[in-house]
Engineer: 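Sharing a structure, written as structure tokens. Questions coming.
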There are 2 protein chains.
Amino acid sequence: MARRPTVYDVAERAGVSIATVSFAFAQPERVRKKTLDTVLAAAAALGYVPNVSARGLAKGRTGAIGLYSFSYLLDDGERDELRARAADDARLFPLYSDLVQRGVELECRRRGLALMLGSGTVPDDLPAVVDVAGRVDGLIAFAGAAPAEALARIARRIPVVELGGETTAAGTRTVLVDHRSGMRRLVEHLLREHGHRRFTYVGEESVTAEFAERFGGYSDALTAAGLAVDPPLPSAPAKEATTRAALAPVLARGHLPDVLVCATDQEALVVLNVLRDAGIDVPGQVAVTGFDGIIATRLSSPPLTTVQQPMEAIGRTAVRLLLEEETGEVGPLPTEPVIRASCGCLSSN
Amino acid sequence: MARRPTVYDVAERAGVSIATVSFAFAQPERVRKKTLDTVLAAAAALGYVPNVSARGLAKGRTGAIGLYSFSYLLDDGERDELRARAADDARLFPLYSDLVQRGVELECRRRGLALMLGSGTVPDDLPAVVDVAGRVDGLIAFAGAAPAEALARIARRIPVVELGGETTAAGTRTVLVDHRSGMRRLVEHLLREHGHRRFTYVGEESVTAEFAERFGGYSDALTAAGLAVDPPLPSAPAKEATTRAALAPVLARGHLPDVLVCATDQEALVVLNVLRDAGIDVPGQVAVTGFDGIIATRLSSPPLTTVQQPMEAIGRTAVRLLLEEETGEVGPLPTEPVIRASCGCLSSN
DNA sequence: GGCCGAAATCTAAGCGCTTAGATTTGGGTG
DNA sequence: CACCCAAATCTAAGCGCTTAGATTTCGGCC
């Protein structure tokens with residue numbers, strides 16, 4: 001690879017100073033039209049590609065923002081197994097994070113911002129998130145993706161937005177989403193339209209603020225109906241074995257609840273599979289609901305009743321927060337129950 | 001925003017040279033454990049975040065790769081209209097490009113590479129693609145996203161992979177995919193299993209190499225069956241009005257072909273809508289097929305018969321080509337007909 | 001303590017661009 | 001031609017990091 005042409009080469013060829021070359025690219029309104037044409041022609045003839053690292057260093061800004069996530073795909077063995085189930089693509093992609101990312105991408109696109117994607121595959125991967133932060137003017141991080149200590153450090157230098165409805169690190173901001181009332185309304189639908197009385201919750205209830213809100217909304221509705229609230233069955237998204245293990249005692253006791261309310265669509269889809277494998281009819285013997293509104297909920301059998309999160313709007317809002325166009329609290333962005341067949345309704349899908 | 005701490009601050013606090021600080025982060029095996037701990041502690045205390053622009057400039061490499069695409073969402077008016085149809089999300093996302101991007105993302109993730117996304121929204125947007133190229137060590141570009149002149153310039157400096165089965169610019173490489181035989185096999189299915197004889201092709205046949213291959217495979221099968229090949233109806237993905245206009249004469253003449261073979265799923269989904277609006281039953285009165293295998297083909301009514309592209313594998317392969325782990329020709333990656341209800345088969349979906 | 005060799009650390013130069021303030025240029029006016 | 005003013009261009013300094021080769025340190029041996 002030959003040495004790349006620099007502003008010095010372009011300047012010499014165009015017969016101007018390197019400052020004029022720089023202005024021609026960065027502030028063309030400060031350069032006379034005739035000079036500008038000469039410079040651009042010289043640059044084209046030389047195949048000049050500005051070195052954005054140099055520009056970023058000199059200018060103190062890069063013009064890019066970062067999005068950092070954490071991948072549950074930890075090793076090749078696990079991924080090979082998932083690939084073997086490629087027929088179930090829609091259960092793996094797009095998920096909540098993919099849809100939020102899309103919102104981020106679309107907003108960046110609209111603004112001509114470059115977007116740097118990075119991720120950690122090891123818990124508490126401080127170097128990975130710091131590496132992304134060193135490349136961008138602002139950072140959006142998914143909940144739980146990066147250690148709070150790292151985010152706090154980064155937030156002292158550039159704006160940071162945490163996705164997940166809470167700020168775990170000093171100096172960061174977050175996008176609020178109304179999980180609580182979305183879940184409450186879903187449970188109210190189950191109570192009122194289907195007359196369900198025996199509820200079981202599947203999923204985390206306190207790991208993040210948003211999971212706590214979901215369980216809170218569930219509890220609110222049951223409490224208001226004078227029903228007791230049982231502790232949830234332990235389960236986690238993307239951990240199918242955990243969800244299966246959590247359901248085993250329910251199946252073993254041969255006495256089903258009216259409905260299994262799941263904390264996420266991913267868990268609900270696993271639950272549907274477990275029930276089908278056990279020969280249990282949904283919603284005939286037990287209803288099942290999810291939360292998030294991913295596309296796979298429309299492909300499942302039966303189509304899954306869920307709560308729709310405004311993922312694209314979350315992504316877009318995060319970008320706006322990052323650029324500090326929004327001051328103060330933003331949101332909560334609303335969620336909306338989506339009624340399909342898995343709760344017992346005859347849905348047109 | 002206070003001046004950020006640099007290697008000079010860390011060095012002073014740790015009592016070492018800036019070179020030792022640099023080695024501690026970039027080549028820790030060259031630093032004694034005791035010194036390393038001292039440096040990292042000083043960095044943490046100061047909230048030091050390395051400036052990757054500086055590193056990239058000094059080192060001549062950034063450790064990131066770029067993915068460049070072109071967006072058909074050209075103005076706010078158009079996007080507002082699309083947003084109003086949010087219920088049809090799966091028709092907008094994920095598309096072919098989203099799935100290929102996912103393959104790129106997954107491969108980058110696996111390798112600890114940062115991925116820079118950039119896009120142009122104006123045709124022939126040379127500054128936009130050059131900006132991304134100035135930030136990365138290698139660039140992947142979607143077919144038609146960037147002017148060939150820009151790609152040629154960039155390819156003189158860093159490796160460039162063009163998606164789309166052809167190299168439009170000197171010095172670039174491409175991922176080959178077997179569109180031709182996938183489409184041929186689909187048409188053979190229609191001929192043999194359904195006895196169709198009157199075929200109409202909807203879509204571009206020569207704009208890119210891959211579109212030419214699709215039409216070529218279609219033509220191969222018809223020619224081998226002794227049938228004439230009519231010119232395609234002019235249509236383009238993401239240009240719904242064009243597809244609708246192309247179909248108007250077919251509908252007006254009140255004499256349908258046996259089957260409408262579409263160049264892409266996106267076009268096929270528009271065709272399904274047009275036919276439904278006209279009260280025409282698919283596949284009862286006319287069969288419809290697509291190409292790509294996006295998720296929306298499973299949600300359509302009826303589910304769409306199509307040819308599955310290995311989008312994730314395309315993305316992954318592109319990264320490997322870019323890193324020059326693959327020399328010589330790679331592929332073609334295989335495509336595979338996916339038979340559903342829209343051709344007339346009773347599919348389990 | 002001195003010597004030796006390897007490991008660890010340091011010095012010096014420079015990567016390519018930006019931009020404040022200095023200098024030059026160009027056009028208009030008398 | 002001289003003067004003035006605004007626009008255009010240039011000079012000089014420096015952004016924060018990397019690393020080749022020079023220098024120092026450390027540990028082992030006699």
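Note that this is a predicted model, so its numbers are computed, not measured. Below, read A as the first sequence line, B as the second, and so on, with proteins coming before strands; counting in each chain starts at 1.
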Engineer: Contact class for B:F25 (heavy atom, under 4.0 Å): base, sugar-phosphate, or nothing?
Structural biologist: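 No contact at all - B:F25 keeps every heavy atom at 4.0 Å or more from the nucleic acid.
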Engineer: Applying the side chain to side chain contact (heavy atoms under 4.5 Å, CB included) test to B:E312, which of B:L106, B:V100, B:T317 qualifies?
Structural biologist: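 Among B:L106, B:V100, B:T317, the one that satisfies the side chain to side chain contact (heavy atoms under 4.5 Å, CB included) with B:E312 is B:L106.
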Engineer: Take atom CG of A:N51 and atom C1' of D:dC15, then tell me their distance rounded to the nearest Å.
Structural biologist: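 Interatomic distance, CG of A:N51 to C1' of D:dC15: 13 Å.
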Engineer: Does C:dG16 have its OP1 or OP2 closer than 4.0 Å to a side-chain nitrogen or oxygen of A:T6?
Structural biologist: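 Result: no.
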Engineer: Which part of the nucleic acid, if any, lies within reach of B:V21 when heavy atoms closer than 4.0 Å are counted: base, sugar-phosphate only, or nothing?
Structural biologist: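 B:V21: no heavy atom of the nucleic acid under 4.0 Å.
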Engineer: Counting side-chain heavy atoms from C-beta on, which of D:dG16, D:dT19, C:dC17 comes nearest to B:K59?
Structural biologist: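 For B:K59, the side-chain atoms sit closest to D:dT19.
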Engineer: Ignoring hydrogens and angles, write down the donor-acceptor pairs under 3.5 Å from the side chains of residues 8-17 of chain A, residues two or more places apart or on other chains.
Structural biologist:
| residue | atom | partner | partner atom | Å |
| --- | --- | --- | --- | --- |
| A:D9 | OD1 | A:R3 | NH2 | 3.1 |
| A:D9 | OD2 | A:R3 | NH2 | 3.1 |
| A:D9 | OD2 | A:T6 | N | 2.7 |
| A:D9 | OD2 | A:T6 | OG1 | 3.4 |
| A:S17 | OG | A:A19 | N | 3.3 |
| A:S17 | OG | A:T20 | N | 3.1 |
| A:S17 | OG | A:T20 | OG1 | 3.2 |

Engineer: Which residues satisfy the ring pair (Phe, Tyr, Trp, His ring centres under 6.0 Å) test with A:F25, sequence neighbours excluded?
Structural biologist: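 A:F25 satisfies ring pair (Phe, Tyr, Trp, His ring centres under 6.0 Å) with A:Y48 once adjacent residues are dropped.
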Engineer: Please tabulate, for side-chain N and O atoms in residues 130-139 of chain A, each donor-acceptor pair with protein atoms closer than 3.5 Å (sequence neighbours left out).
Structural biologist:
| residue | atom | partner | partner atom | Å |
| --- | --- | --- | --- | --- |
| A:D131 | OD2 | A:R135 | NE | 3.1 |
| A:D131 | OD2 | A:R135 | NH2 | 3.1 |
| A:R135 | NH1 | B:T62 | O | 2.9 |
| A:R135 | NH2 | B:T62 | O | 2.8 |
| A:D137 | OD1 | A:T62 | N | 2.8 |
| A:D137 | OD1 | A:T62 | OG1 | 3.4 |
| A:D137 | OD2 | A:T62 | N | 3.2 |
| A:D137 | OD2 | A:G63 | N | 2.6 |

Engineer: Return the value, rounded to whole Å, for the distance between atom CD of B:E12 and atom C1' of D:dC17.
Structural biologist: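 Whole-Å distance recorded here is 18 Å.
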Engineer: What's the closest nucleotide to the A:S17 side chain, out of D:dC17, D:dT19, D:dT11?
Structural biologist: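 Of all the options, the side chain of A:S17 is nearest to D:dT11.
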Engineer: Taking the nucleotide of DNA chain C with the closest heavy atom to each, which residue, B:T20 or A:Y8, is nearer the 5' end?
Structural biologist: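 Going by which nucleotide is closer to the 5' end, it is B:T20.
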Engineer: Which pairs of donor and acceptor atoms, one on a side chain in residues 28-35 of chain A, lie under 3.5 Å apart (sequence neighbours left out)?
Structural biologist:
| residue | atom | partner | partner atom | Å |
| --- | --- | --- | --- | --- |
| A:R30 | NH1 | A:Q27 | OE1 | 3.4 |
| A:K33 | NZ | A:D37 | OD1 | 3.1 |
| A:K33 | NZ | A:D37 | OD2 | 2.9 |

Engineer: What's the closest nucleotide to the B:F23 side chain, out of C:dC17, C:dC10, D:dC10?
Structural biologist: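 Nearest listed nucleotide: C:dC10.
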Engineer: In residues 27-41 of chain A, which ones come under 4.0 Å of DNA chain C, going by heavy atoms?
Structural biologist: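 Within this stretch, A:Q27, A:R32 sit under 4.0 Å of the strand.
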Engineer: If the condition is side-chain contact (heavy atoms from CB on, under 4.5 Å), which residues does A:L113 pass it with, not counting sequence neighbours?
Structural biologist: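 Result, side-chain contact (heavy atoms from CB on, under 4.5 Å) vs A:L113: A:I65, A:C108, A:R111, A:L323.
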